[in-house]
Amino acid sequence: MADTTDNKVTGEANSVPSKSSWRYIGPGIVVAATGVGAGDLVATLIAGSNFGYTLLWAAVIGCLVKISLAEAAGRWHLSTGSTLFDGWASLGRWTTWFFAVYVVIWGFVYGAAAMSSSALPLQALFPDVMDLEWWAIACGLVGLVFVWFNKYAVFEKVMTVLVGVMFVVTVYLAIRVTPNLPDAFAGLLPVLPDEKDSVLNTLGLIGGVGGTITLAAYGYWVNAKGWTNTGWMKVMRLDNRVAYITTGIFVVAMLFVGAELLHSADVAIASGDKGLIQLSDILEDEYGSATAKFFLIGFFATSFTSLIGVWHGVSLMFADFVARYRDRGGAAGSGQEVASGSRERSWPFRVYLLWLTFPPMVLLFQGQPFRLVILYGVLGAAFLPFLAGTLMWLLNTSRTPSQWRNGPLSNAMLAIAGLLFLVLCVKQIWDQPWSEFF
């Protein structure tokens, strides 16, 4: 994607030669792996099973929108030397209250969902070992121990390996089902399905491609990598593009599978993670147990990268939130401090790790509380409009050095993202069973 600032910077030397930029790629792989969870793959499969290749263009647009959001977050971190929460805090106390409520409720419900999602393929691979709840607890504990004792460098290497597994599995499946390439290319034309609520379904697919709060975490991973100034801007942009090209490959591959394996045979699967277990059974019937097991390994890699990615990235954000709150308006949000690794050893980082791991285990056995799930859905839907809106605010004002402020292209992309996610947020709020809430 083009340089969205639409500015040329003069007199500032890059600290990294452009010819060697590829070897620095890393945070983008992490954000791609974390952002694409089992739920995203199921949503894309269902889109493919319902509409064939018709919405392929929407998946591509979803990747472009998220490139713009992540680039803006990374540009804020590098151009100001401050973290995103430091920027949010400069906009007023309302941002602090929103984030505090969001991160507590979201983390509680998401922790259970992430552990269950990682456990499903393991139970399918090893059905006689233990129950789903205990597999989920094991996944949560492994994620806790891994993130607790390892800094970003090790975390990134493990994520890269798991992304490699995801890539091989999804591309193999896409090739295995023998996609109809003329139909696929036709799917790049922006056409809406002739179905009820097709507009909202299309917007949902665009908005569901790769990440929510993990887009905000991208700037923290950029700093954790050691990128803390504008000399790394070109590398960050390349890294971000790689992230969402990778995401696009995952999503397009699963849409191919949905279109060829499910749509052509008029097979429906359930929404949610259990839809992938159904797909495993279908793959076994069509191509044998080896292909089904191979897919389950990829399913586990997809879910577990989301788990440890959130365990690390959102804990970094929470640690920054606490540091800013304790500093009471000082310059607590330093990218240099994140780069030093001290945040990954701080007590707020580890407290939030524990919050993501242990309290949600109660939900694994008792089911998710109705009212909490509604609040989780509403807050989750509100986060991306919040992110897009605040990034536009921060990157068009004196809070950002003039040469790194938004240009017309970046403003247009962030405005599109904000409007898209605002529509989806309103729909999510409207669809909640509020009459049963009170």
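Each residue takes its place number in the sequence, starting with 1. Values below: every heavy atom of this structure, side chains too, minus hydrogens, waters and symmetry copies. This structure is a prediction, so every number in the text was calculated from the model and none was measured.
Between Trp135 and Asp131 the shortest side-chain heavy-atom distance does not fall below 4.5 Å. Side chains of Ile137 and Phe365 form a contact here, defined as non-hydrogen atoms less than 4.5 Å apart. For the pair Leu363/Phe108, a side-chain contact is recorded, criterion being any heavy-atom separation below 4.5 Å from C-beta on. Side chains of Tyr110 and Val314 form no contact here, defined as non-hydrogen atoms less than 4.5 Å apart. Two residues are said to be in side-chain contact when any heavy atoms from C-beta on lie closer than 4.5 Å; Leu296 and Phe299 meet this criterion. When side chains are defined from C-beta on, Val36 does not count as touching Ser306, because their heavy atoms never get closer than 4.5 Å. The closest side-chain heavy-atom distance from Arg345 to Lys151 is below 4.5 Å. Counting heavy atoms from C-beta outward, Val310 and Trp106 have side chains that approach closer than 4.5 Å.
Taking CD1 from Ile297 and CG from Leu125, the interatomic distance works out to 6.0 Å, rounded to the nearest 0.5 Å. The line from NE2 of His312 to OG1 of Thr34 is 10.0 Å long, rounded to the nearest 0.5 Å. Here the straight-line distance linking atom CE of Met236 with atom CE of Met233 works out to 5.5 Å at 0.5 Å rounding. Atom-to-atom distance recorded for Leu283:CG and Leu173:CG is 5.5 Å, nearest 0.5 angstrom. Separation of atoms CG (Leu122) and CG (Leu132) is listed at 9.5 Å; rounding is to 0.5 Å. Of the inter-residue distances, the one linking Leu395 atom CG with Asn411 atom CG reads 8.5 Å to the nearest 0.5 angstrom.
Closest approach of Thr214 to Gly35, counting heavy atoms only: OG1-CA, 3.8 Å. When all heavy atoms of Leu384 and Lys66 are compared, the pair lying nearest together is CD1-CE, 4.4 Å. Annotation for Thr228 and Ala339: closest pair CG2-CB, 3.6 Å, computed over non-hydrogen atoms. Between Ala253 and Val171, the shortest heavy-atom distance links the atoms CB-N, 4.5 Å. Pro401 and Ser79 make their closest contact through CG-O, 3.3 Å (heavy atoms, listed as atom of the first residue, atom of the second, distance). Heavy atoms only, all atoms of each residue included: Leu387 and Leu215 are closest at CD2-CB, 3.9 Å.
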Go through it in stages, so that I can follow the logic: the residues are Ser303 and Ser117, the test is side chain to side chain donor-acceptor pair (under 3.5 Å), and I'd like the CA-CA distance, side-chain angles, deciding distance and then a yes or no.
CA-CA 6 Å; Ser303 298; Ser117 180; 2.8 Å; yes
Between Thr80 and Arg399, is a side chain to side chain donor-acceptor pair (under 3.5 Å) present by the stated rule, with each step listed?
CA-CA 8 Å; Thr80 65; Arg399 295 174 178 84; over 6 Å; no
Any chance you could lay out the side chain to side chain donor-acceptor pair (under 3.5 Å) test for Thr96 and Arg324, step after step, and finish with the verdict?
CA-CA 10 Å; Thr96 301; Arg324 176 76 199 186; over 6 Å; no
Apply side-chain contact (heavy atoms from CB on, under 4.5 Å) to the pair Thr302 and Leu162, showing each step before the final yes or no.
CA-CA 8 Å; Thr302 300; Leu162 292 173; over 6 Å; no
Pair Leu276, Val42 - check side-chain contact (heavy atoms from CB on, under 4.5 Å), show working.
CA-CA 7 Å; Leu276 293 183; Val42 173; 3.5 Å; yes
For Phe155 and Trp311, what are the C-alpha separation, side-chain angles and deciding distance, and is it a ring-ring contact (aromatic ring centres under 6.0 Å, His included)?
CA-CA 11 Å; Phe155 165 72; Trp311 264 228; over 10 Å; no
Using side-chain contact (heavy atoms from CB on, under 4.5 Å), reason through Val30 and Val163 one step at a time and then give a plain yes or no.
CA-CA 8 Å; Val30 171; Val163 166; over 6 Å; no
side-chain contact (heavy atoms from CB on, under 4.5 Å), that's the test. Do Val423 and Leu419 meet it? Break it down for me.
CA-CA 6 Å; Val423 170; Leu419 289 172; 5.6 Å; no
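Judged purely by atom type and a 3.5 angstrom limit, Tyr152 has no side-chain atom pairing as donor or acceptor with the backbone of Gly226. The main-chain N or O of Leu354 is never found under 3.5 Å from a side-chain atom of Thr357 such that the two would form a donor-acceptor pair. The main-chain N or O of Phe51 is found under 3.5 Å from a side-chain atom of Thr54 such that the two form a donor-acceptor pair. Counting only distance, with no hydrogens or angles, the side chain of Thr400 and the backbone of Asn396 share no donor-acceptor pair below 3.5 Å. One N or O on the side chain of Ser90 and one on the backbone of Gly87 form a donor-acceptor pair closer than 3.5 Å. A donor-acceptor pair under 3.5 Å links the side-chain atoms of Asn240 to the main chain of Ile67, judged by distance alone. Here the side chain of Arg75 pairs a donor or acceptor atom with the backbone of Trp404 at under 3.5 angstrom. Remark: the backbone N or O of Phe167 is paired with a side-chain donor or acceptor of Thr170 at under 3.5 angstrom. Looking only at distances, a side-chain donor or acceptor of Arg405 sits under 3.5 Å from a matching main-chain atom of Thr397. Side-chain atoms of Thr95 do not come within 3.5 Å of backbone N or O of Leu91 as any donor-acceptor pair.
Side-chain contact check for Ser315 and Arg343: no donor-acceptor pair (N or O, by modelled atom type) lies under 3.5 Å. A donor-acceptor contact closer than 3.5 angstrom links the side chains of Asp320 and Thr83.
Between Phe85 and Phe321, the ring-plane angle classifies as perpendicular under the 30° and 60° cut-offs.
The only member of Trp221, Tyr24, Trp227, Tyr218 that meets side chain to side chain donor-acceptor pair (under 3.5 Å) when paired with Asp239 is Tyr218. Exactly one of Phe386, Phe99, Trp88 qualifies for a ring pair (Phe, Tyr, Trp, His ring centres under 6.0 Å) with Trp94. That residue is Phe386.
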Side-chain atoms of residues 138-148: list all donor-acceptor pairs with protein atoms under 3.5 Å, sequence neighbours left out, distances to 0.1 Å.
none

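By the salt bridge (charged side-chain N to carboxylate O under 4.0 Å, His left out) test, Lys427 pairs with Asp431, sequence neighbours left out. Glu156 is linked by a salt bridge (charged side-chain N to carboxylate O under 4.0 Å, His left out) to Lys225, counting only residues two or more places apart in sequence or in another chain.
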